[in-house]
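Structure record follows, encoded as structure tokens.
Heavy-atom basis, side chains included; hydrogens, waters and symmetry copies ignored. Per chain, numbering begins at 1; letters A, B, ... match sequence-line order.
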Protein chains: 2
Amino acid sequence: MKALHWDGQSLRLEPSYPTPKSADRMALVRVRLAGICSTDLQIFKGYMGFKGVPGHEFVGEVSKGPNKLIGRRVVGEINFACGKCKFCAQGLGRHCPERRVMGILGADGSFAEYLAVPVANLHLVPESVADEEAVFTEPLAATFEILEQVKVKEKDDIVVLGDGKLGLLCAQVLRLTGEYITVVGKHQDKLDMLKKLGVQTVMLTDWKHRHADIVVEATGSASGLKMALDTVRPRGTLVLKSTVAENHTLSLVPLVINEVTVVGSRCGLFPPALKALAQKSVTVTPLIERIYPLSEGMDAVTHASRPGALKVLLRS
Amino acid sequence: MKALHWDGQSLRLEPSYPTPKSADRMALVRVRLAGICSTDLQIFKGYMGFKGVPGHEFVGEVSKGPNKLIGRRVVGEINFACGKCKFCAQGLGRHCPERRVMGILGADGSFAEYLAVPVANLHLVPESVADEEAVFTEPLAATFEILEQVKVKEKDDIVVLGDGKLGLLCAQVLRLTGEYITVVGKHQDKLDMLKKLGVQTVMLTDWKHRHADIVVEATGSASGLKMALDTVRPRGTLVLKSTVAENHTLSLVPLVINEVTVVGSRCGLFPPALKALAQKSVTVTPLIERIYPLSEGMDAVTHASRPGALKVLLRS
């Protein structure tokens with residue numbers, strides 16, 4: 001099958017990469033659309049030391065697996081957990097110490113024609129959700145994770161730092177609970193997109209916000225944390241979303257002095273995201289910048305790497 | 001009066017520093033004992049850009065102020081708040097944006113014969129608490145702050161990193177709630193002191209603890225945070241106590257991936273600390289390494305700066 005392959009040094013389109021073999025409790029999924037995430041771009045800078053087929057966002061149809069799933073349209077949670085440990089027992093398989101992670105840690109991902117996913121990780125896509133929406137399930141679930149971790153109150157002053165893909169999703173999801181969301185960004189076109197959705201926005205250059213109750217750091221950059229610490233009020237909450245390959249270098253004195261709570265936030269459960277997509281309570285398709293065929297995957301990655309690029313998809 | 005004075009470059013014993021003047025809502029306190037804290041040593045490395053009389057730990061007697069307080073033995077909270085802002089209204093004067101902080105920010109401190117403190121900040125010292133115990137009220141209150149910020153459960157696996165002054169107090173306070181406390185340190189004598197108090201200890205060199213529910217970073221060193229991140233379980237809580245003058249440089253990826261909650265923790269309210277001292281539920285006097293007269297304050301600071309030094313006090 002065709003697949004993009006990262007060997008730790010360079011990315012290549014492999015025309016005949018081995019199709020995943022059938023295995024116990026695994027389904028083979030024919031990928032329809034895959035999304036390129038900033039994490040993938042970090043992997044190409046050395047993040048996680050991953051080697052293999054990258055990609056952890058997809059929608060596809062089951063090609064091999066349980067009979068009742070064959071031919072059905074699915075999305076899949078990315079953490080392949082052991083199912084036996086104490087984290088798995090608590091429903092926290094995404095923190096299973098033995099886990100593999102699709103396209104990130106020990107498991108090939110979705111930048112390919114086929115993908116092997118544990119049957120337990122699959123979720124059927126509702127009829128009303130298009131492929132171009134369903135492919136956002138994973139990043140959207142990661143955004144809903146914030147609501148699982150932090151108690152957001154209706155009147156909270158919430159600031160989202162970053163108008164990239166993650167910031168645009170975060171703003172929409174937080175708005176389901178909170179009234180006062182401000183997104184700080186660098187791109188007028190993206191902020192305009194949010195304005196149309198009724199979210200308050202401000203250009204970074206015009207921005208002097210202080211003492212926010214909740215700040216979501218979604219800049220995708222190591223420098224975002226300092227800005228977030230400058231923005232959050234004493235005893236406020238800072239949600240750290242960005243994973244970057246490089247170290248952070250900053251003074252954490254404000255964190256201690258202001259007794260800030262920093263909550264690291266990663267993957268979320270898929271059902272709230274699928275429900276939001278089905279109910280059209282979030283709008284994801286305006287985030288699609290371009291769809292490339294998998295055969296032009298190298299160009300797609302180059303495109304996704306452009307500063308300010310929104311979601312680039314691969315169709316296979 | 002005699003006072004130690006830090007001019008931003010060097011520390012000197014001033015034989016005739018001006019005694020603080022009377023002022024509205026302020027009391028003049030004759031210092032009996034003052035404690036040298038690691039924060040003071042950080043100030044001498046540039047922390048907070050403070051200039052003036054350092055020191056924020058003391059016990060003394062009121063020399064000028066409300067009649068009912070004259071001659072009474074007092075300790076004092078270190079944040080001098082405006083009393084009018086929304087933080088003050090919530091009882092969070094220690095986060096008042098207009099605050100001065102004794103010996104740290106805009107207010108002279110306790111390394112002197114006399115000290116000016118807002119009357120509202122003073123607490124009477126119970127008869128049963130000796131000066132040598134009362135002088136620990138401030139650092140002990142900062143430790144009780146953890147219990148105000150983090151819900152500690154009896155069965156939680158709690159690790160305290162650091163066997164310095166702060167670590168020794170943290171371990172004792174956490175043990176009032178939790179059953180399973182382990183202190184990781186570098187000094188066998190200090191760990192032995194904790195063992196006598198019934199706390200489990202381990203030398204850093206022998207230590208392989210992972211997946212703790214709560215980790216308290218009390219190393220006083222920028223490198224402690226990485227160790228704490230390696231120790232805390234996914235979805236666990238990391239209490240960050242150390243304030244250091246230098247930057248932190250580390251990867252915060254584990255914070256995000258493991259969805260750790262980092263809670264910055266600074267000053268606390270005095271009543272729980274005074275109550276614990278009165279009830280003898282914590283033991284502080286073994287932490288006293290030496291008491292110097294204020295006139296030998298320069299030697300005292302040199303002593304307190306020795307690696308591994310415990311509490312050095314100044315008597316005036």
Quick one: does B:Asn247's side chain have a donor or acceptor within less than 3.5 Å of a partner on A:Thr249's backbone?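 No; zero donor-acceptor contacts below 3.5 Å.
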Any idea which of [options] has the most non-hydrogen atom pairs under 4.5 angstrom with chain A?
options	answer
B:Met48, B:Glu246, B:His211	B:His211
B:Leu238, B:Val260, B:Leu92, B:Thr237	B:Val260
B:Asn258, B:Val101, B:Ile257, B:Thr261	B:Ile257
B:Leu240, B:Thr243, B:Val253, B:Leu250	B:Leu250

How far does CZ of A:Arg233 sit from CZ of B:Phe87, to the nearest 0.5 angstrom?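 Interatomic distance, A:Arg233 CZ to B:Phe87 CZ, rounded to 0.5 Å: 6.0 Å.
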CG-CZ distance between B:Leu255 and A:Arg266, expressed to the nearest 0.5 angstrom: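 Going from the CG atom of B:Leu255 to the CZ atom of A:Arg266 covers 12.0 Å.
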Options A:Val263, A:Val244, A:Leu252, ranked by heavy-atom pairs under 4.5 Å with chain B, top entry: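 Top count of heavy-atom pairs under 4.5 Å with chain B: A:Leu252.
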Crowded around B:Lys155 NZ? As in, over 12 foreign heavy atoms under 6.0 Å?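 Buried by this count: over 12 neighbours within 6.0 Å.
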CD (B:Gln90) with more than 12 external heavy atoms under 6.0 Å: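 More than 12 heavy atoms, drawn from other residues, nucleotides or ligands, come within 6.0 Å of this atom.
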Less than 4.0 angstrom from a charged side-chain N to a carboxylate O is my criterion; do A:Lys241 and B:Glu259 meet it?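 No, no charged N to carboxylate O under 4.0 Å.
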Would you check if A:His95 and B:Arg235 make a side-chain contact, meaning some heavy-atom pair closer than 4.5 Å?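 Yes, side chains in contact.
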Give, as side chain, backbone, both or neither, the part of B:Ser242 having an atom under 4.5 angstrom from any heavy atom of chain A.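 The backbone, not the side chain.
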Interchain contact, A:Pro97 with chain B, by part (heavy-atom threshold 4.5 Å):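 Contact with chain B is through the side chain of A:Pro97 alone.
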